[in-house]
Amino acid sequence: MLFDSSIRKELARSFGATLVVLATVVMTIMLVRTLGQASRGSVDPSDVLLVMGYTVLGQLSTILSLSLFVAVVSTLSRMYRDSEMVIWLGAGRGLMSALAPLLRFAWPVVLAVGALSLVVWPWANQQIDELKVRYEQRSDIDRIAPGEFQETAGGSRVFFIDKDTPDANVASKVFVATTAPDRETVTSAQSARLETQDGQRVALLSQGERLEILLNDQGLRVSEFAEYGTRVGTASVAERDAASIKTITTPALLASDAPVLRAELGWRLGLAFAVLNLIVLGLAVAVVQPRAAHSASLMFALLAFMAYYNLMNVGQSWVAAGRVGLVPMMLALHGGMLVLGLLVLTARHNNWSLRPLLTRRSSP
């Protein structure tokens, strides 16, 4: 009882501290990435924090898995380093006996990761896609703020309006820069107004000039105009594109036999299986050599976590390409990782070693 409570109490402190640190790092990275998307015109600047929140929520399953793995490795390494584990082993507590308190501590985390990967992950991605589509469905003119250079979502145009006017369809001192594969165009006008012609929104520029650079012919054209029209969008709202794979619900993935959807299902299920495998693996590899650095076990844990998740990505790509089925991939990857962890744990529990065998073979 004392053995179980001491391990679980130490795990709780380490898990909480690791979770706070990793969540802060991920939130900072996602904030920078979302701000970059907003600057490119893919996300509404007013929705930056909302998109960041949904993104972090979708990545929370990975954060919890890594936090639990780091907590297991760091806690057991500290117990080895301070000779606590030696005392428990000398009292008749084998290494296998530490697996039960680890699982009792980790089962809420396993359930949380399963819920996050199967339910919250597609929901969060769906919310992000809805925010992006809603913003992209707005026309180029609707996104322009007076006094600011604004790039369209496609990145092919840059608009600038000097100041706002009482009429929402009228602007003054307009600048438009357009990039095409064969030419670059810079258009400026004293004023502009929006009209709808044949179901399309057209910006009519008045009293301006147009500079056109032909990239293929290395030519230059300069023209002045009294009125010039350019299409900026459609009057009707465009239909939303088909939902991405990450936004499809888990029941829909279960009902489909498409390789791409089966690969996404395998990734979501694999996140929950990976938590259990990481607990066994962390117990099996958490050992501190007296002359090794204190951070050696932690670095090994991070490398093992990265390798495991990279293998999950490779397995997902193989299933999506039809090279292997979902069930064989799950058995080979997650089942193989579980067997490997249990073998290493059993060898350390029974003090099996290859050194006597190698010494016996090398002796004459």
Side-chain angles (χ1 to χ4, degrees), residues 7 10-30 55-81 95 98-99 102-103 105-118 120-121 263 266-289 292-318 329-345 348:
I7 290 183
E10 185 76 17
L11 280 174
R13 287 195 296 263
S14 180
F15 176 75
T18 307
L19 180 61
V20 171
V21 173
L22 290 179
T24 303
V25 173
V26 172
M27 289 179 63
T28 303
I29 295 175
M30 293 304 172
T55 305
V56 174
L57 187 61
Q59 299 294 331
L60 192 57
S61 57
T62 305
I63 298 174
L64 288 175
S65 302
L66 180 57
S67 300
L68 181 61
F69 185 46
V70 172
V72 170
V73 175
S74 60
T75 297
L76 296 176
S77 299
R78 202 273 312 162
M79 295 179 68
Y80 273 107
R81 187 169 55 250
L95 193 59
L99 186 59
L102 290 179
L103 292 177
F105 173 82
W107 72 264
V109 180
V110 176
L111 294 180
V113 170
L116 288 169
S117 61
L118 297 177
V120 179
W121 166 258
W267 167 260
R268 298 180 187 179
L269 294 174
L271 290 175
F273 294 148
V275 180
L276 296 174
N277 290 339
L278 289 174
I279 295 173
V280 178
L281 186 63
L283 178 59
V285 303
V287 60
V288 176
Q289 299 296 333
H294 291 176
S295 59
S297 58
L298 182 59
M299 293 300 298
F300 178 80
L302 294 177
L303 292 176
F305 182 86
M306 293 174 58
Y308 193 4
Y309 270 68
N310 285 332
L311 289 176
M312 290 177 58
N313 290 326
V314 172
Q316 183 183 13
S317 64
W318 283 5
M329 187 276 294
M330 298 288 288
L331 291 176
L333 178 57
H334 301 288
M337 189 65 66
L338 179 60
V339 171
L340 177 62
L342 290 176
L343 285 177
V344 176
L345 183 59
R348 293 194 54 212

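All values below were derived from every heavy atom in this structure, side-chain atoms included, with hydrogens, water molecules and symmetry-related copies excluded. We're numbering straight along the sequence, starting at 1.
No side-chain heavy atom of Leu283 sits less than 4.5 Å from a side-chain heavy atom of Ile279.
The shortest non-hydrogen separation linking Leu68 to Phe105 is CD1-CE2, 3.8 Å. Heavy-atom minimum distance, Ser65 versus Leu271: OG-O, 4.3 Å. Residue Val73 comes nearest to Gly282 through the heavy atom pair CG2-CA, 3.9 Å, listed as atom of the first residue, atom of the second, then distance.
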*Output, in order, the C-alpha distance, side-chain angles, deciding distance and verdict of side chain to side chain contact (heavy atoms under 4.5 Å, CB included) for Leu64 and Leu116.*
CA-CA 10 Å; Leu64 288 175; Leu116 288 169; 3.6 Å; yes
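Results of the side chain to side chain contact (heavy atoms under 4.5 Å, CB included) test with Val72 over Leu76, Thr75, Val70 single out Leu76 as the only residue that passes.
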Residues 11-25, side-chain donor-acceptor partners within the protein, below 3.5 Å, at least two apart:
from: Arg13; atom 1: NH2; to: Glu10; atom 2: OE1; distance (Å): 2.8
from: Ser14; atom 1: OG; to: Ser74; atom 2: OG; distance (Å): 2.9
from: Thr18; atom 1: OG1; to: Ser14; atom 2: O; distance (Å): 2.7
from: Thr24; atom 1: OG1; to: Val20; atom 2: O; distance (Å): 2.7

Can you give the donor-acceptor pairs under 3.5 Å from side chains of residues 299-314 to other protein atoms, not counting sequence neighbours?
from: Tyr308; atom 1: OH; to: Asn277; atom 2: ND2; distance (Å): 2.8
from: Tyr308; atom 1: OH; to: His334; atom 2: ND1; distance (Å): 2.8
from: Asn310; atom 1: ND2; to: Met306; atom 2: O; distance (Å): 3.0
from: Asn313; atom 1: ND2; to: Tyr309; atom 2: O; distance (Å): 3.3

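Atoms CG and CG, from Leu333 and Leu338 in turn, are 11.5 Å apart once rounded to the nearest 0.5 Å. Note: Leu66 CG to Leu278 CG = 8.5 Å, rounded to the nearest 0.5 Å.
By the neighbour-count criterion of 12 heavy atoms within 6.0 Å, atom CE of Met27 is sparsely surrounded, having that number or fewer from other residues, nucleotides or ligands.
Residues satisfying the side chain to side chain contact (heavy atoms under 4.5 Å, CB included) test with Ala263, not counting sequence neighbours, are Gln316, Val319, Ala320. Take Leu269 and apply the side chain to side chain contact (heavy atoms under 4.5 Å, CB included) test, not counting sequence neighbours, and it matches Leu118, Leu265, Phe273, Met330.
Judged by distance alone, the side chain of Ser117 and the main-chain N or O of Gly114 form a donor-acceptor pair under 3.5 Å.
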